[in-house]
Amino acid sequence: MRRGDFLEPHLVTVYDAECPWGRDDGFFLSVANGSPRARVLDLGCGTGRLTLALAAAGHTVTGVDPARASLDAARAKPAADRVTWIEGTSRVLPDRAFDVAVLTSHVAQEIRADDKWARTLADLRRALVPGGRLAFDSRDPAARRWERWNPRDSRRRLALPDGRVVDAWTEVTEVRDGLVSFVHHYVFPGADELLSSGTLRFRTEEELRASLAAAGFTVDRIHGGWGGEPVGTSADGEFVVLARAQD
């Protein structure tokens, strides 16, 4: 049994198998397409699934992520030269350089501390032009989705490009003060098991709205699911946030 995380090359392939294109990607692509040929920032771009689709749609795209292994995988994909890839966090963003910014795959929940979340939003406000659009997702804590993160309900099989099949499941280790900690288990052929642990912050709608207002954003809408449902009415259990940088 070994421990690792998605910063490491040996788990990047697992990440791509675990996270194929989904309804959320289609939603964020449609948001960006509301501004034809926009300058789009994908903050926390990972291995570039959505980033490359944004570029293919005709946008000028910058993908930023702190994980070098993920960026290396993104740069190796077809048409990756259409994207500007940057290793780093929101601190590296230039001023007034983007029309649209997206944070997808619940990357907003990876920013756990309130001061770091406030700093990230301030950096995004600085990087967007006045009136520029921000879109991100964050799970609704009222949906209590973490209760499904157990060895029975979360068990899944992941087919890797090389033909191997990985057995996977997730278990929660702690729930406290809006933070949910968990461990992903990945068992490879030959019974080689890798563990990847993490902690996510579950913010309420009120907390999200307050933090956005403090950073200089106006909230346009918050949906509860990828079909545009009101908060609390969708099985998706999401906050899908659409906001604009104040003039």
Side-chain angles (χ1 to χ4, degrees), residues 21-67 70-71 74-75 77-111 116-138 203 208-223 225-228 238-247:
W21 185 271
R23 294 169 61 223
D24 53 337
D25 298 297
F27 179 90
F28 286 116
L29 180 59
S30 70
V31 169
N33 287 345
S35 300
R37 299 192 175 277
R39 296 169 297 169
V40 182
L41 165 68
D42 186 358
L43 181 61
C45 64
T47 61
R49 182 183 66 246
L50 176 61
T51 327
L52 292 166
L54 290 164
H59 302 294
T60 300
V61 185
T62 300
V64 177
D65 200 282
S70 294
L71 288 179
R75 291 185 178 110
K77 292 181 176 179
D81 57 349
R82 297 181 181 179
V83 175
T84 299
W85 306 99
I86 300 175
E87 182 181 345
T89 66
S90 63
R91 296 193 178 199
V92 306
L93 300 177
D95 294 354
R96 298 198 173 195
F98 303 103
D99 306 299
V100 181
V102 297
L103 292 79
T104 70
S105 300
H106 307 106
V107 69
Q109 292 184 257
E110 299 278 0
I111 307 169
K116 291 184 178 179
W117 176 239
R119 173 61 186 264
T120 299
L121 290 177
D123 288 338
L124 287 164
R125 173 63 189 86
R126 173 179 54 78
L128 284 165
V129 298
R133 294 182 295 143
L134 170 65
F136 66 91
D137 53 1
S138 186
R203 294 181 174 88
L208 292 172
R209 287 183 178 275
S211 62
L212 285 161
F217 286 95
T218 299
V219 174
D220 288 337
R221 293 180 302 282
I222 299 182
H223 300 304
W226 302 113
E238 297 284 349
F239 293 137
V240 184
V241 181
L242 302 173
R244 290 184 181 270
Q246 296 172 4
D247 295 338

Undergrad: To check you understand the geometry: which heavy-atom pair defines the closest contact between Leu128 and Ala101, and what is its length?
TA: CD2-N, 3.9 Å

Undergrad: Can you name the ring-ring contact (aromatic ring centres under 6.0 Å, His included) partners of Phe136, sequence neighbours left out?
TA: Trp117

Undergrad: Return the minimal non-hydrogen interatomic distance between Ala80 and Ala74, and the atom names on each side.
TA: CB-O, 3.3 Å

Undergrad: Kindly give the heavy-atom pair with the smallest separation between Lys116 and Ile111, and that separation in Å.
TA: C-CG2, 3.7 Å

Undergrad: About how many Å separate CD of Gln246 and OG1 of Thr218, when rounded to the nearest 0.5 Å?
TA: 4.0 Å

Undergrad: Does atom NZ of Lys77 have more than 12 heavy-atom neighbours, drawn from other residues, nucleotides or ligands, at distances under 6.0 Å?
TA: yes

Undergrad: Please step through side chain to side chain contact (heavy atoms under 4.5 Å, CB included) for the pair Leu41 and Leu124, ending with a clear verdict.
TA: CA-CA 9 Å; Leu41 165 68; Leu124 287 164; 3.7 Å; yes

Undergrad: Using every non-hydrogen atom in the two residues, find where Phe217 and Leu121 come nearest and quote the distance to one decimal.
TA: CE1-O, 3.4 Å

Undergrad: Have a look at Val40 and tell me which of Val100, Asp99, Val83 forms a side chain to side chain contact (heavy atoms under 4.5 Å, CB included) with it.
TA: Val100

Undergrad: Counting only pairs under 3.5 Å, give me each side-chain donor-acceptor contact of residues 49-60, with atom names and distances, residues two or more places apart or in other chains.
TA:
from: Arg49; atom 1: NE; to: Asp25; atom 2: OD1; distance (Å): 3.2
from: Arg49; atom 1: NE; to: Asp25; atom 2: OD2; distance (Å): 3.0
from: Arg49; atom 1: NH1; to: Cys19; atom 2: O; distance (Å): 2.7
from: Arg49; atom 1: NH2; to: Asp25; atom 2: OD1; distance (Å): 3.2
from: Arg49; atom 1: NH2; to: Ser105; atom 2: OG; distance (Å): 3.2
from: Thr51; atom 1: OG1; to: Asp42; atom 2: OD2; distance (Å): 2.7
from: His59; atom 1: ND1; to: Ala38; atom 2: N; distance (Å): 3.0
from: His59; atom 1: NE2; to: Asn33; atom 2: OD1; distance (Å): 2.7

Undergrad: First locate atom CG of Asp65, then atom CD of Glu87, and finally report the distance between them rounded to the nearest 0.5 Å.
TA: 8.5 Å

Undergrad: What closest approach, in Å, do Arg133 and Ser35 show between heavy atoms, and which atom pair accounts for it?
TA: NH2-OG, 2.7 Å

Undergrad: Between the side chain of Asp137 and the main-chain N/O of His106, is any donor-acceptor distance below 3.5 Å?
TA: yes

Undergrad: Nearest heavy-atom pair of Trp21 and Gly26: which atoms, and what distance?
TA: CZ2-N, 3.7 Å

Undergrad: Starting from the C-alpha separation in whole Å, work towards a yes-or-no answer on side chain to side chain contact (heavy atoms under 4.5 Å, CB included) for Leu242 and His223.
TA: CA-CA 8 Å; Leu242 302 173; His223 300 304; 4.0 Å; yes

Undergrad: Which residues pass the side chain to side chain contact (heavy atoms under 4.5 Å, CB included) test with Arg37, sequence neighbours left out?
TA: none

Undergrad: Please tell me if the side chains of Ile86 and Thr62 come closer than 4.5 Å, counting only heavy atoms from C-beta onward.
TA: yes

Undergrad: Side chains of residues 88-95: which donor-acceptor partners sit under 3.5 Å, not counting sequence neighbours?
TA:
from: Thr89; atom 1: OG1; to: Arg91; atom 2: N; distance (Å): 3.4
from: Ser90; atom 1: OG; to: Asp123; atom 2: OD2; distance (Å): 2.8
from: Asp95; atom 1: OD1; to: Arg126; atom 2: NH1; distance (Å): 2.7

Undergrad: A side-chain contact here means heavy atoms from C-beta on lying under 4.5 Å apart; do Glu238 and Asp24 qualify?
TA: no

Undergrad: By side chain to side chain contact (heavy atoms under 4.5 Å, CB included), which residues pair with Ser30, not counting sequence neighbours?
TA: none

Undergrad: Does Val129 offer a backbone N or O that forms a donor-acceptor pair with the side chain of Arg96 under 3.5 Å?
TA: no

Undergrad: For Trp226, enumerate each residue passing the ring-ring contact (aromatic ring centres under 6.0 Å, His included) test, keeping only those at least two apart in sequence or located in another chain.
TA: Phe27, Phe28

Undergrad: For Leu71 and Cys45: C-alpha separation, side-chain torsions, deciding distance, then whether side chain to side chain contact (heavy atoms under 4.5 Å, CB included) applies.
TA: CA-CA 8 Å; Leu71 288 179; Cys45 64; 3.7 Å; yes

